[in-house]
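This chain uses plain numbering: 1 for the first residue, then up along the sequence. Only this structure's heavy atoms are used, side chains among them; waters, hydrogens and symmetry mates stay out. As the structure is a computational prediction, the values presented were derived from the model and not from experiment. All ligand and atom numbering here is 1-based and tracks the order in the structure.
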Amino acid sequence: MRKILLDCDPGLDDALALLLAHGDPEIELVAVTTVGGNVALPNTTRNALQLREYLGFTTVPVAAGAAVPLVRAAEDAAHVHGAEGLGNVVLPLPTLPASTQHAVDLIIGTLRSNPGQVHLVATGPLTNIALALQQEPRLPEWVASFVIMGGSFTRGNTTPAAEYNIFADPEAAAIVFDAGWQVVMVGLDLTLQAIATAPIVARMQNLGRLGEELVVPLSTFWNDVETAELTGQAVHDVCAVAYIARPGLFTSRPARVDIETTGTFTAGMTVVDFDSTSPNALVPVRLDVDGFWDYTLGAYAIAAEEIK
Ligand code: RIB
Ligand code: CA
């Protein structure tokens with residue numbers, strides 16, 4: 001059983017990542033924390049609460065965190081995720097409240113009380129993680145591993161140089177990558193291999209009510225790739241959770257990753273040096289795509305049994 005704390009900004013693919021963490025019987029989702037990102041914090045938090053009740057993980061605490069980046073103005077991605085953050089998915093409003101704890105305190109408390117047991121996964125801007133490190137520098141000693149969806153060693157998706165999660169708060173990312181732990185950086189070069197193409201969507205349509213009400217609409221609201229060979233939405237954040245449960249699906253290389261925080265055109269760029277003799281990151285570069293979808297859709301099918 002792998003314990004995961006997921007810090008996220010739901011978000012189409014964050015929602016699909018939460019579903020994977022809930023559906024895989026070998027994963028125990030121990031806590032969810034939210035951050036402002038794709039949409040504003042009240043919406044990312046409401047989305048997490050709605051998903052918690054819709055999917056039924058109501059004993060898992062959900063705590064809200066930072067509404068804005070450390071120093072920059074917030075820039076959302078509502079044009080990708082829709083104004084409410086879950087595309088055209090409409091879920092019942094939550095009846096259970098968020099935790100009264102701040103996300104940073106829940107992150108620190110969960111890791112401190114389970115040293116070496118909990119995998120910390122971040123799929124939004126890294127503001128909460130940076131704040132937690134500033135409050136508790138021992139955090140890297142307590143994680144089982146630390147995996148993010150973010151960055152790229154080629155092109156960005158928000159600017160030519162920067163991927164959204166890093167672009168949204170480069171100063172936070174710089175703190176996170178310099179904290180002395182190994183960051184598993186699941187970036188765009190990997191996640192753009194995990195595309196919900198038409199054949200994959202056809203398989204999602206076999207997930208009954210869960211497929212119809214959640215998985216298909218979350219996976220078909222936006223196209224990250226539109227080429228003759230490949231068209232569809234990338235399930236970026238799902239890859240970060242899948243890495244914890246099925247690391248064998250990923251081929252990874254060590255690298256030194258530095259974050260550009262001052263560039264006029266390059267702010268938020270992850271500068272990746274695969275030749276460094278002092279790596280601070282592990283960068284997945286190749287995905288076993290068939291194995292990824294077999295695993296992910298298998299876990300979704302388990303979750304679908306509960307949503308009859
Ligand atoms: O660039 C993709 C990332 O930005 C994903 O985490 C998506 O949810 C958005 O937050
Ligand atoms: Ca996200």
Kindly say whether [Y] contributes a backbone atom to a donor-acceptor pair with the side chain of [X] at under 3.5 angstrom?
X      : Y      : result
Asn165 : Met149 : yes
Thr159 : Ala162 : yes
Asp258 : Thr270 : no
Thr44  : Leu41  : yes

Taking 3.0 Å as the cut-off, does Thr123 contribute an N, O or S atom near the Ca ion (ligand 2), distance below it? yes
With respect to the Ca ion (ligand 2), please indicate if Asp13 possesses an N, O or S atom at a distance under 3.0 Å. no
Hey, which N, O or S atom on Asp237 ends up closest to the Ca ion (ligand 2)? OD2
Which atom name does Asp9 have for its N/O/S atom nearest to the Ca ion (ligand 2)? OD1
Carboxylate-amine/guanidinium contact Glu26 Arg2, below 4.0 Å: no
We want to know whether Thr154 and Asp189 form a side-chain donor-acceptor pair, criterion being a heavy-atom distance below 3.5 angstrom. yes
State, yes or no, whether a side-chain contact exists between Cys8 and Asp237 at a heavy-atom distance under 4.5 Å. no
List, ordered by chain and residue number, the protein residues whose closest non-hydrogen atom lies under 4.0 Å from any atom of ligand 1. Asp9, Asp13, Asp14, Asn38, His81, Thr123, Met149, Asn157, Glu163, Tyr164, Asn165, His236, Asp237
Begin from the C-alpha positions of Val60 and Val30 and carry the test side chain to side chain contact (heavy atoms under 4.5 Å, CB included) through to its verdict. CA-CA 6 Å; Val60 177; Val30 297; over 6 Å; no
